[in-house]
Trainee: 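Handing you this structure, nothing more for now.
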Amino acid sequence: QVQLVESGGGLVEAGGSLTLSCAASGRSFSPTGMGWFRQAPGKEREFVAHLGWRTGMTTYAESVKGRFTISRDGGKNTVFLQMNSVQHGDTAVYYCAARTTGRTMWYAHSYDYWGRGTQVTVSS
């Protein structure tokens with residue numbers, strides 16, 4: 001059984017930075033890819049970023065491209081989301097997810113395991 005635990009959320013001023021972490025545990029953890037999604041109040045969960053586990057290839061939503069960076073700790077099953085130049089529109093609960101099949105990375109239903117989320121609030 002795979003478990004994902006996010007951390008690092010909190011209150012950040014607009015224009016500031018924040019780093020989220022996602023620690024994965026479980027026997028023989030070897031996903032196809034790891035993704036970050038977010039969900040703001042009253043809105044659907046949306047794709048933020050993806051990291052191919054073996055390829056290292058990264059993909060970003062247009063809304064965060066150039067501001068957010070997804071990366072991995074090479075020695076541990078930990079994935080990070082570095083958030084720079086945050087905007088009010090980035091306020092949401094951020095979820096880490098693991099994908100174990102070849103289904104498309106863009107949709108939440110492609111992911112098999114989810115963390116419980118961490119709240120990010122951007123203030124004025």
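In what follows, residues are counted from 1 in the order of the sequence shown. If you're wondering where the values come from, they're calculated on a predicted model, not measured in any experiment.
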Trainee: Side-chain donor-acceptor contacts of residues 37-44 below 3.5 Å, not counting sequence neighbours, with atom names and distances?
Mentor:
{"from": "Arg38", "atom 1": "NE", "to": "Glu46", "atom 2": "OE2", "distance (Å)": "2.6"}
{"from": "Arg38", "atom 1": "NH1", "to": "Asp90", "atom 2": "OD1", "distance (Å)": "2.8"}
{"from": "Arg38", "atom 1": "NH1", "to": "Tyr94", "atom 2": "OH", "distance (Å)": "2.9"}
{"from": "Arg38", "atom 1": "NH2", "to": "Glu46", "atom 2": "OE2", "distance (Å)": "3.2"}
{"from": "Gln39", "atom 1": "OE1", "to": "Arg45", "atom 2": "NE", "distance (Å)": "3.3"}
{"from": "Gln39", "atom 1": "OE1", "to": "Arg45", "atom 2": "NH2", "distance (Å)": "3.4"}
{"from": "Gln39", "atom 1": "NE2", "to": "Lys43", "atom 2": "O", "distance (Å)": "3.1"}

Trainee: Applying a strict under-4.5 Å side-chain criterion to I, L, V, M, F, W and Y, I'd like to know whether Tyr95 and Met83 cluster together.
Mentor: no
Trainee: Extract all donor-acceptor atom pairs below 3.5 Å that involve side chains of residues 22-34 and protein atoms in other chains or at least two apart in sequence.
Mentor:
{"from": "Thr32", "atom 1": "OG1", "to": "Thr100", "atom 2": "O", "distance (Å)": "3.2"}
{"from": "Thr32", "atom 1": "OG1", "to": "Thr101", "atom 2": "O", "distance (Å)": "3.3"}

Trainee: Step by step, would you call His50 with Arg99 a side chain to side chain donor-acceptor pair (under 3.5 Å)?
Mentor: CA-CA 10 Å; His50 179 269; Arg99 182 169 64 95; 3.0 Å; yes
Trainee: Kindly write out the residues that satisfy side-chain contact (heavy atoms from CB on, under 4.5 Å) with Ile70, not counting sequence neighbours, or none if the list is empty.
Mentor: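 Ile70 satisfies side-chain contact (heavy atoms from CB on, under 4.5 Å) with Trp36, Ala49, Leu51, Thr58, Tyr60, Val79, Leu81 once adjacent residues are dropped.
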Trainee: Supply the members, apart from Val5, of the Ile/Leu/Val/Met/Phe/Trp/Tyr cluster built from side-chain contacts under 4.5 Å; use none for a lone residue.
Mentor: none
Trainee: Could you tell me if the side chain of Leu18 sits less than 4.5 Å from the side chain of Val120, heavy atoms only?
Mentor: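 In contact.
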Trainee: Which Ile, Leu, Val, Met, Phe, Trp or Tyr residues join Met57 in one cluster when any pair of side-chain heavy atoms under 4.5 Å counts as a link?
Mentor: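 Joined to Met57, directly or through intermediates: none.
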Trainee: Which residues pass the salt bridge (charged side-chain N to carboxylate O under 4.0 Å, His left out) test with Asp73, sequence neighbours left out?
Mentor: none
Trainee: Would a hydrophobic clustering, with Ile, Leu, Val, Met, Phe, Trp and Tyr connected at side-chain separations under 4.5 Å, put Phe47 with Tyr107?
Mentor: yes
Trainee: How would you list all residue pairs meeting side chain to side chain donor-acceptor pair (under 3.5 Å) that involve residues 9-24, not counting sequence neighbours?
Mentor: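 For residues 9-24: Ser17-Asn84, Thr19-Gln82.
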Trainee: Using side chain to side chain donor-acceptor pair (under 3.5 Å) as the criterion, list what pairs up with Ser7, not counting sequence neighbours.
Mentor: none
Trainee: Side chain to side chain donor-acceptor pair (under 3.5 Å) with Ser85: which residues, sequence neighbours excluded?
Mentor: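 Applying side chain to side chain donor-acceptor pair (under 3.5 Å) to Ser85 gives none.
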Trainee: Run the numbers on Val122 and Gln87 for side chain to side chain contact (heavy atoms under 4.5 Å, CB included), then give the verdict.
Mentor: CA-CA 6 Å; Val122 180; Gln87 305 167 355; 5.8 Å; no
Trainee: Give the cluster check for Val64 versus Val12: same hydrophobic cluster or not, with ILVMFWY residues linked at side-chain heavy-atom distances below 4.5 Å.
Mentor: yes
Trainee: Looking at Tyr113 and Gln1, what are the two nearest heavy atoms and their distance?
Mentor: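 Scanning both residues, the minimum pair turns out to be CE2-NE2, 4.1 Å.
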Trainee: Under a 4.5 Å cut-off applied to non-hydrogen side-chain atoms, are Phe80 and Thr69 in contact?
Mentor: no
Trainee: Does any pair with a residue in residues 115-124 pass side chain to side chain donor-acceptor pair (under 3.5 Å), and if so which ones, sequence neighbours excluded?
Mentor: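 For residues 115-124: His88-Ser124, Gln119-Thr121.
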Trainee: Return each pair, listed once, that meets disulfide bond (SG atoms under 2.5 Å apart) where at least one residue sits in residues 41-86; pairs must be two or more places apart or across chains.
Mentor: none
Trainee: Residues in side chain to side chain donor-acceptor pair (under 3.5 Å) with Thr104, at least two apart?
Mentor: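 None.
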